[in-house]
Amino acid sequence: MSFSDLGLSEKVLAAVAATGYTTPTPIQEQAIPHVLARKDVLGIAQTGTGKTAAFVLPMLTILEKGRARARMPRTLILEPTRELAAQVKENFDRYGAGQKLNVALLIGGVSFGDQDAKLTRGVDVLIATPGRLLDHTERGGLLLTGVELLVIDEADRMLDMGFIPDIERVCKLVPFTRQTLFFTATMPPEIRRITETFLHNPQKVEVSKPATTAVTVTQCQVPAGREAHEKRELLRRLLREAKDLQNAIIFCNRKREVAIVHKSLQKHGFSVGALHGDMDQSARTAALEQFRKGELPLLVASDVAARGLDIPEVSHVFNFDVPHHPDDYVHRVGRTGRAGRTGTAISLVTPLDQKSIVAIEKLIGQSIPRAEGDYEVSADTGEHSDRPRESRGRERSRGGRGKPQRGGRDRERSHEPRVEARPAAETRPAPEARPEREARPAREARPPREARQSSERHGSRQQANPSHVPSIGRPEPRRQREADTEPGDHSHLPAFLLRPVRSPAGA
DNA sequence: AAAAAAC
């Protein structure tokens, strides 16, 4: 089976060929003919199955005929997160390069006026998150009465996020006669109910979903202290000692923790970005882009990054916090070991996480081996011991195939000369070097909620001008420093993990 | 226990 057997237009086939893809994935093979036949489709597929191209490619073929009218998009795609929406747009840009196609992205956090101007010119494809879409329709700048094809992507996730009422409102604004493509990874009762109201005689297309983690991923859990600073210290150690680490996503359960861990790693010289939903949109985009390009090997993220984002070849996933829902674990770990590649997933597990781990092991149908060696932080000082303690008497023998087994022995790098960062000439301040101005030691009192949110939302304004970025790598003197954020010895860090040092002269 | 999404 090849793409040319599916009924796609010549232009689209040429664009696909140009990207080097030759064989459609199962979801593409099954869904594309139905879409081209203008049938409703119920697609049950997870991200990473080629789902996006399964609707983008036939839509491009369909859109070759006809033309958009002002404020009346011809097709509408709903996505749960801004990043996913942007990613779908990239797909249209890539495969639709040979067509004169107007594609608009309607997401929050960016200029309303630019979006409005684009709508006025007429768009063929509108890709949106629900909030901003409804904002535009309520202001009258957008009419959905011309929508011929509606895509609801990641429906189960939209359900989790409480978007279903919004989706129902949107469905009332689009013509009854439209074609609907509905994608979900799971079929909970509520999703089943809405498919009955949104879809007419749908063609069901299902690909076996990996309800579990890929076999190419080596998973392990590392016992961690309960205190956050202990975990940060342990994380640094795991990063330094991880084998074959190319790049990594470090997941935290809370946005606040993302900010703190990001800042802490920066202070310790790691080249690291952050991604969570309270960050300025430009900062989110910049962090993701730099991570994709490999300019930043490390990304600290909330679960906004757990699903769907196309980040190829992540070698390691760290769960700084064990997710409370086992599904989230599967999604996070699914960021590595994709397309048959190998990957490593390391979870920092405190005694409080035991229940979560049990639930995860049950879901994935295997036990997660505990790492051998000593990664614990001594409780009294918060300092870790570099030497592996001999048998600690804990029952940690299960499995034992954990990745980081070297304890503190593998220290040859520390005898090497200090690793220099990249040459100053090629370094420039990251557009988004410090999204987290508000990150402060956990023990410090927090400002009132209003002030906090405002600072989180708007705190990155100064980043618009990179010259305002405070000099990186030096602790700010007024701030009380935590023991673990002492910017210290980076000599164990592989060079590529080091944050580039800015030239003091600034050019 | 959280995150995500509109101003």
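Nothing here was measured: the structure is a model prediction, and the numbers come from that model. What's counted below: heavy atoms across the whole structure, side chains too, no hydrogens, waters or symmetry copies.
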Name every residue in residues 153-167 of chain A that has at least one heavy atom under 4.0 Å from any atom of DNA chain B, in order of residue number, or write none if there are no such residues. A:Asp160, A:Met161, A:Phe163
What is the distance from CD of A:Glu138 to C1' of B:dA6, rounded to the nearest Å? 9 Å
Any Lys/Arg nitrogen of A:Arg193 or A:Glu168 sitting under 4.0 Å from an Asp/Glu carboxylate oxygen of the other? yes
Under 4.0 angstrom between A:Ser302 side-chain N/O and B:dA4 OP1 or OP2: yes
A:Asn319 and A:Arg332: side chain donor to acceptor below 3.5 Å: yes
Let's see if you can work this out: which of B:dA1, B:dA4, B:dA5 has an atom nearest to the side-chain heavy atoms of A:Thr129? B:dA5
Could you tell me how far apart A:Gln87 (CD) and B:dA4 (C1') are, to the nearest whole angstrom? 16 Å
For atom CG of A:Leu142 and atom C1' of B:dA6, their distance in whole Å: 14 Å
Between A:Arg284 and B:dA5, is there a side-chain N or O to OP1/OP2 distance below 4.0 Å? yes
Does a donor on one side chain sit under 3.5 Å from an acceptor on the other, for A:Thr52 and A:Asn91? no
Donor-acceptor pair present, A:His324 side chain and B:dA1 base, under 3.5 Å: yes
Rounding to an integer number of Å, can you tell me how far A:Leu84 CG sits from B:dA4 C1'? 11 Å
Quick one: A:Asp135 CG to B:dA6 C1', roughly how many Å, whole number? 5 Å
Residue A:Arg254, side-chain heavy atoms: nucleotide from B:dA4, B:dA6, B:dA1 that is nearest: B:dA1
Could you tell me the separation between the CG atom of A:Leu352 and the C1' atom of B:dA2, rounded to a whole number of Å? 16 Å
Provide, to the nearest angstrom, the distance between the CG atom belonging to A:Asp353 and the C1' atom belonging to B:dA2. 14 Å
Under 3.5 Å, is there a donor-acceptor pair between the A:Glu90 and A:Tyr95 side chains? no
Using 30° and 60° as the class boundaries, would you call the ring planes of A:Phe183 and A:Phe55 parallel, tilted or perpendicular? tilted
Once you round it to whole Å, what is the distance between P of B:dA1 and CD of A:Glu257? 17 Å
Under a plain distance cut-off of 3.5 Å, with no hydrogens placed, do A:Arg178 and A:Thr180 share a side-chain donor-acceptor pair? yes
Taking atom types as modelled and ignoring hydrogens, do the side chains of A:Thr120 and A:Arg71 form a donor-acceptor contact shorter than 3.5 angstrom? yes
Closest approach to the side chain of A:Lys255, judged atom by atom: which nucleotide of B:dA3, B:dA5, B:dA2 is it? B:dA3
